[in-house]
Amino acid sequence: MELHRRHDWDLTPAEAVALQRRLAAEVVADRPLDLAGVRLVAGVDVSVKDGRSRAAVVVATFPDFRVVETVTAIRPTPFPYVPGLLSFREGPVLEEAFGRLAASPDVFLFDGMGTAHPRRIGIASHMGLWLERPTVGVGKTRLCGRHGPLPEEKGAHVPLVDRGETIGAVVRTRTGKNPLFISPGHLADIPGAVALVLACAPKYRLPEPIRLAHKAAGDF
DNA sequence: GCGACAG
DNA sequence: ATCTTGTCGC
């Protein structure tokens with residue numbers, strides 16, 4: 001039942017889409033994510049420079065964000081950026097980084113979508129299947145879906161809907177600033193993902209773990 | 001056919 | 001994502 005989980009990353013766009021359609025059926029996006037049980041949170045990010053992708057995974061304590069582990073990996077960037085296929089560009093280098101992780105984070109925060117994706121399998125969901133751990137997608141801009149008016153106040157959030165299905169939420173982490181597009185990756189749910197992100201962003205627009213990973217990955 | 005389009 | 005200095009505002 002998990003035979004095709006460890007798949008090849010070297011696929012054509014058409015093959016990648018076909019694979020996403022198969023894997024999407026295994027994504028669990030309705031499992032309650034209880035913040036009371038969260039002790040360690042990981043932030044994941046990838047930066048691209050001169051044809052090389054650098055991945056960083058930073059594990060921090062929750063809710064005070066003290067760094068307990070940082071792992072990185074560098075590889076040639078294997079795939080062009082294609083909306084909807086980000087996993088195939090950042091997946092390989094992330095797998096390498098995850099393989100070096102010693103800690104066991106209770107949840108991983110990704111720079112990108114979870115189920116808020118055309119086929120409901122953004123990078124947070126895809127890597128979640130590999131990690132077999134709760135994951136949450138944190139997008140800075142919208143990939144798909146629509147939403148109603150969002151209050152300007154920090155903490156405000158409204159449903160993100162696509163083709164009649166609620167796929168995530170648009171969340172304001174900072175009053176007056178652009179919102180974040182939150183969605184469960186795998187083994188999490190929308191309410192839990194929103195609560196976790198808000199708890200991880202007490203001072204800045206982006207969740208603290210993601211900011212830490214940004215730094216470790218080399219982008220400033 | 002015409003837009004939209006994570007990082 | 002990345003290319004890039006100074007600058008407006010709290």
Side-chain angles (χ1 to χ4, degrees), chain A residues 9 13-14 16-17 19-20 23-24 27 29 43-58 72-97 108-129 135-147 152-154 160-163 165-186 188 190 193-194 197 202-207 209-220:
Chain A
W9 285 112
V17 169
L19 174 61
Q20 288 185 320
L23 295 180
V27 174
V44 181
D45 186 50
V46 174
S47 66
V48 178
K49 179 81 169 181
D50 300 321
R52 312 219 87 209
S53 291
R54 169 194 288 262
V57 180
V58 177
T72 59
I74 300 180
R75 279 200 174 193
T77 303
F79 205 84
Y81 168 67
V82 178
L85 299 181
L86 185 63
S87 305
F88 300 87
R89 178 178 171 80
E90 306 190 339
V93 72
L94 283 177
E95 265 195 4
E96 188 172 320
F108 291 76
L109 290 181
F110 285 77
D111 207 325
M113 305 305 182
T115 56
H117 176 283
R119 290 171 291 283
R120 311 294 183 257
I121 181 161
I123 192 164
S125 302
H126 198 146
M127 298 316 290
L129 291 176
T135 60
V136 168
V138 180
K140 295 184 287 296
T141 58
R142 184 189 70 88
L143 172 60
C144 66
R146 303 192 53 172
H147 65 87
E152 293 294 315
E153 294 68 40
K154 174 198 324 178
L160 179 62
V161 180
D162 185 44
R163 286 148 38 191
E165 179 182 2
T166 295
I167 57 177
V170 185
V171 183
R172 193 86 73 178
T173 52
R174 296 293 289 164
T175 298
K177 307 210 80 175
N178 294 155
L180 258 25
F181 294 78
I182 307 305
S183 56
H186 182 49
I190 295 176
V194 170
V197 167
K203 189 173 171 57
Y204 300 100
R205 179 189 176 230
L206 293 178
I210 296 284
R211 299 185 75 248
L212 292 167
H214 268 315
K215 280 192 180 183
D219 30 305
F220 294 176

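A, B, ... follow the sequence lines: proteins, then strands. Residue 1 opens every chain. Computed from heavy atoms alone, side chains included, the values below leave out hydrogens, waters and symmetry copies.
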Subject >> Qualifying residues under side-chain contact (heavy atoms from CB on, under 4.5 Å), relative to A/Ala193, sequence neighbours excluded >> reply: A/Val136, A/Ile182
Original post:
Under the salt bridge (charged side-chain N to carboxylate O under 4.0 Å, His left out) rule, what pairs show up with a residue in residues 114-123 of chain A, not counting sequence neighbours?
Top reply: A/Arg120-A/Asp162, A/Arg120-A/Glu165
Original post:
Want to know the stems of DNA chain B: at least 3 consecutive Watson-Crick or G-U pairs with distances under 3.5 Å, which are they?
Top reply: none
Subject >> Summary of salt bridge (charged side-chain N to carboxylate O under 4.0 Å, His left out) pairs that have at least one residue in residues 74-93 of chain A, sequence neighbours excluded >> reply: A/Arg75-A/Glu96
**OP:** May I ask you to say what A/Gly139 touches in the nucleic acid, namely base, sugar-phosphate or nothing, with a heavy-atom cut-off under 4.0 Å?
**Re:** sugar-phosphate
Original post:
Residues in salt bridge (Lys or Arg N to Asp or Glu O under 4.0 Å) with A/Arg142, at least two apart?
Top reply: none
**OP:** List in chain and number order the residues that pass side-chain contact (heavy atoms from CB on, under 4.5 Å) with A/Ser87, two or more places apart in sequence or in another chain; answer none if no residue qualifies.
**Re:** A/Trp9, A/Ile123, A/His126
Original post:
So what's the dot-bracket for DNA chain C: Watson-Crick or G-U pairs under 3.5 Å, [ ] if a pair crosses, | if it pairs off-strand?
Top reply: ..........
I'd like a table of atom pairs between the protein and nucleotides 6-10 of chain C - only N or O on both sides, under 3.5 Å - with the distance next to each one.
none

Subject >> Residues that A/Lys140 engages under side-chain hydrogen bond (donor to acceptor under 3.5 Å, both in side chains), provided they are two or more places apart >> reply: A/Asp111
Original post:
Within a strict 4.5 Å, meaning less than it, do heavy atoms of the A/Leu180 and A/Pro207 side chains meet?
Top reply: yes
**OP:** For the pair A/Thr175 (side chain) and A/Glu153 (backbone), establish whether a donor and an acceptor sit closer than 3.5 Å, ignoring hydrogens and angles.
**Re:** no
Original post:
If you look at every strand shown and take non-hydrogen atoms under 4.0 Å, does A/Gly84 touch a base, only sugar-phosphate, or nothing?
Top reply: base
Subject >> 5' to 3' contact window, DNA chain B with chain A (heavy-atom distance under 4.0 Å) >> reply: B/dA4 to B/dG7
Subject >> Under 3.5 Å: donor-acceptor pair, side chain of A/Ser183, backbone of A/Gly168 >> reply: no
Original post:
Excluding sequence neighbours, so at least two apart, what forms side-chain contact (heavy atoms from CB on, under 4.5 Å) with A/Pro78?
Top reply: A/Pro92
Original post:
Applying the side-chain contact (heavy atoms from CB on, under 4.5 Å) test to A/Ile210, which of A/Leu109, A/Val197, A/Val58 qualifies?
Top reply: A/Leu109
**OP:** State whether A/Tyr204 and A/Arg174 meet the cation-pi test: NZ (Lys) or CZ (Arg) under 6.0 Å from the six-membered ring centroid, and within 45° of the perpendicular axis.
**Re:** no
Subject >> Integer-rounded Å distance: C/dA1 C1' and A/Leu86 CG >> reply: 9 Å
**OP:** Provide the full list of side-chain hydrogen bond (donor to acceptor under 3.5 Å, both in side chains) pairs with a residue in residues 44-55 of chain A, sequence neighbours left out, each pair given once.
**Re:** A/Asp45-A/His214, A/Ser53-A/Thr77
**OP:** Figure out the CZ/P separation between A/Arg52 and C/dT2, and round it to whole Å.
**Re:** 15 Å
Original post:
NA contact type, A/Leu180, heavy-atom cut-off 4.0 Å: base, sugar-phosphate, or nothing?
Top reply: nothing
